Protein chains: 2
Amino acid sequence: MKYKTRKEEIIQTSTILFKQRGFSAVTMRDIAKAMGIKAASLYNHINSKQEILSDIIISLAEQFTQQMKVIKNSNENNIDKLKQIVALHVDITSNNPYGMASLNNDWMHLENELEYYLKLRKDYENDFRIIIEKGIEDSELVKGNSEVMIFSMLSTLRSLYIWLPKKEDLDIQKFTNELSLVLINGINK
Amino acid sequence: MKYKTRKEEIIQTSTILFKQRGFSAVTMRDIAKAMGIKAASLYNHINSKQEILSDIIISLAEQFTQQMKVIKNSNENNIDKLKQIVALHVDITSNNPYGMASLNNDWMHLENELEYYLKLRKDYENDFRIIIEKGIEDSELVKGNSEVMIFSMLSTLRSLYIWLPKKEDLDIQKFTNELSLVLINGINK
DNA sequence: ATATTTAACTAACACTTGTTAGTTTCATTG
DNA sequence: CAATGAAACTAACAAGTGTTAGTTAAATAT
């Protein structure tokens, strides 16, 4: 048995379709067809299309925000904290390569949970900012535009979902190190 | 007169809505309402919803691919070529902050032009790869994983559309330099 | 064996979708 | 002034949307 519950199976199937075409372009009939059943049967297991989306997004967002707090509050230096953020993104993304697409592209279609999602994201980004700015303050990072640094790192980390699934049998540990190196030390010789 | 033709006005209006909600979630009635007319009236100026999307995406994709070719074939060193790629992205994105959202998120909804778009993108990425690999070969860049370098730079550049519109009265020249610095030299002291 | 639960089904709903046809309004042109 | 053309309109279409109601068949529990 691959899935614990039928609901999980529906969510997993939806996640794949949402990544390919986006939440709005996927119909309940599409999801049902992919599972070999009729659309109405889905409602024996889930309450609405909206519920599928928020189940996908909120659980991921909570992981990020919670883990980020742990990293921020640890007592390592700021460079090592940044490396742990990279590892966090690689870890969550490689375990949920499809769901990350919804988190990135379809969060605005959340209804009841939209506000909660925005708060999670804001908390996450604030913690990120604090780490970068402390790193500059403590002379671990170059004295530059911290907003540009955050933007650059976060853009790359958020795009992992596009890239990771293309790499079969990737050495996660090695990749995390290579990515940290590029993000932190750049590519200039 | 802000727009040359009514068609341009429809495309501009659509572009803003597509960025907010995505192509599939925006209806012809939404577009019409935003312009203060009825949906059927749009068809005096455009042939289909699909045509709006491809008008937005293809023109942008052509700019990137064409300009990339110019950069690749110039006779500067590879670091300077990379700086020019950063400038190219900042330039096109700051002039089309909304359209870039469709290019990034809704290209898969292209129908007739999908194949053409994919070719443009592939050509662009190939030229990018060649510059990075020559940079390594010529010892301008560190000897690292070139794929990770391309992924990291391109992810950041592709995300500019999210970030640039938030910055009012931004000094484009200065920002381009700061971003180049972060992407090429990293953030480590 | 009987009762209950699980998970599928068919049929239908009210509404929304992109698009077409035909008409009207009105400024510009001959 | 009459004719033209641009750009709006109303009305409608066929297909597709998420979802509900009620039913059926098979597995599980009593």
Side-chain angles (χ1 to χ4, degrees), chain A residues 1-58 101-102 105-114, chain B residues 1-58 101-102 105-114:
Chain A
M1 205 77 76
K2 201 176 169 189
Y3 299 98
K4 278 198 284 289
T5 67
R6 201 80 170 119
K7 178 173 177 176
E8 275 179 48
E9 198 172 347
I10 291 171
I11 291 176
Q12 187 58 28
T13 304
S14 304
T15 303
I16 294 171
L17 295 176
F18 289 172
K19 175 171 180 182
Q20 287 167 5
R21 283 174 260 162
F23 175 74
S24 300
V26 174
T27 72
M28 296 304 279
R29 284 163 182 84
D30 290 334
I31 298 167
K33 197 165 202 174
M35 298 184 64
I37 62 176
K38 299 289 171 177
S41 306
L42 296 168
Y43 289 84
N44 286 314
H45 309 280
I46 52 114
N47 294 309
S48 64
K49 190 188 179 191
Q50 181 64 207
E51 186 195 39
I52 300 176
L53 184 67
S54 74
D55 270 26
I56 295 170
I57 292 181
I58 297 297
S102 297
N105 304 323
D106 285 320
W107 57 267
M108 71 286 277
H109 298 117
L110 287 173
E111 288 166 11
N112 295 336
E113 316 262 45
L114 178 57
Chain B
M1 209 75 78
K2 199 175 169 189
Y3 300 97
K4 278 199 283 291
T5 68
R6 199 81 170 122
K7 178 173 179 178
E8 276 179 49
E9 197 173 350
I10 291 171
I11 291 177
Q12 186 59 26
T13 303
S14 304
T15 303
I16 293 171
L17 294 177
F18 289 171
K19 174 169 180 185
Q20 287 168 4
R21 283 176 260 162
F23 175 74
S24 300
V26 173
T27 71
M28 296 303 279
R29 285 165 182 82
D30 291 333
I31 298 168
K33 196 164 201 175
M35 297 184 65
I37 61 176
K38 300 287 170 180
S41 306
L42 296 168
Y43 289 84
N44 285 314
H45 309 281
I46 51 113
N47 294 308
S48 64
K49 191 188 179 191
Q50 181 64 208
E51 185 195 39
I52 300 176
L53 183 68
S54 74
D55 270 26
I56 294 171
I57 291 180
I58 297 298
S102 297
N105 304 324
D106 286 319
W107 57 267
M108 72 285 278
H109 298 118
L110 287 173
E111 287 166 13
N112 294 337
E113 315 262 46
L114 178 58

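Treat the numbers as computed from the prediction; the structure is a model and nothing was measured. Just so it is clear: chains get the letters A, B, ... in the order the sequence lines come, proteins before strands, and each one is counted from 1.
- Salt-bridge formation is detected for the pair A:Glu51/A:Lys7: a Lys NZ or Arg NE/NH1/NH2 atom is positioned less than 4.0 Å from an Asp or Glu carboxylate oxygen.
- Taking 4.0 Å as the cutoff to heavy atoms of chain B, we find the contact window on DNA chain C bounded by C:dT17 to C:dA21.
- Taking 4.5 Å as the limit, some side-chain heavy atom of B:Ile16 sits within range of a side-chain heavy atom of B:Gln20.
- Using a 4.5 Å heavy-atom cutoff, the side chains of A:Asp30 and A:Arg21 are in contact.
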Discussion item. Test side chain to side chain contact (heavy atoms under 4.5 Å, CB included) on B:Trp107 and B:Leu53; report intermediate values, then the result.
Written reply: CA-CA 8 Å; B:Trp107 57 267; B:Leu53 183 68; over 6 Å; no

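- Residues A:Gln50 and A:Phe23 have side chains in contact (heavy-atom distance under 4.5 Å, counting atoms from C-beta outward).
- In this structure, B:Met35 atom CE and D:dC9 atom P are separated by 10 Å, rounded to whole Å.
- Residue A:Ile31 holds its CD1 atom at 3.5 Å from OG of A:Ser14, rounded to the nearest 0.5 Å.
- A 4.5 Å side-chain heavy-atom check between B:Phe18 and B:Asn105 finds every atom pair outside the cut-off.
- The base of D:dA8 sits within donor-acceptor range of the side chain of B:Asn44, with an N or O pair under 3.5 Å.
- Atoms NZ (A:Lys38) and P (D:dG16) sit 14 Å apart, rounded to a whole Å.
- For D:dA8, the OP1/OP2 oxygens have a side-chain nitrogen or oxygen of B:Arg6 closer than 4.0 Å.
- Side chains of B:Lys19 and B:Ser102 form no contact here, defined as non-hydrogen atoms less than 4.5 Å apart.
- Within the 4.5 Å cutoff, side-chain heavy atoms of A:Met35 are placed close to those of A:Leu42.
- A heavy-atom distance below 4.0 Å to DNA chain C is reached by these residues of residues 45-55 of chain A, ordered by number: A:His45.
- With hydrogens and angles left out, the side chain of A:Arg29 and the base of D:dG16 share no donor-acceptor pair within 3.5 Å.
- Nearer to the 5' terminus of DNA chain D, by closest-nucleotide assignment, is the contact made by B:Gly36 (compared with the other of A:Ala25 and B:Gly36).
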Discussion item. Pair B:Ile56, B:Ile52 - check side chain to side chain contact (heavy atoms under 4.5 Å, CB included), show working.
Written reply: CA-CA 6 Å; B:Ile56 294 171; B:Ile52 300 176; 4.1 Å; yes

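- Side-chain contact between B:Arg6 and B:Ile37: present, with at least one pair of heavy atoms (C-beta onward) separated by less than 4.5 Å.
- Each end of the helix from C:dA1-D:dT30 to C:dG30-D:dC1 gets its own rotation axis from five pairs of C1' atoms, and the angle between them is 0° to the nearest 10 degrees.
- At the heavy-atom level, A:Ser41 lies under 4.0 Å from base atoms of the strands shown.
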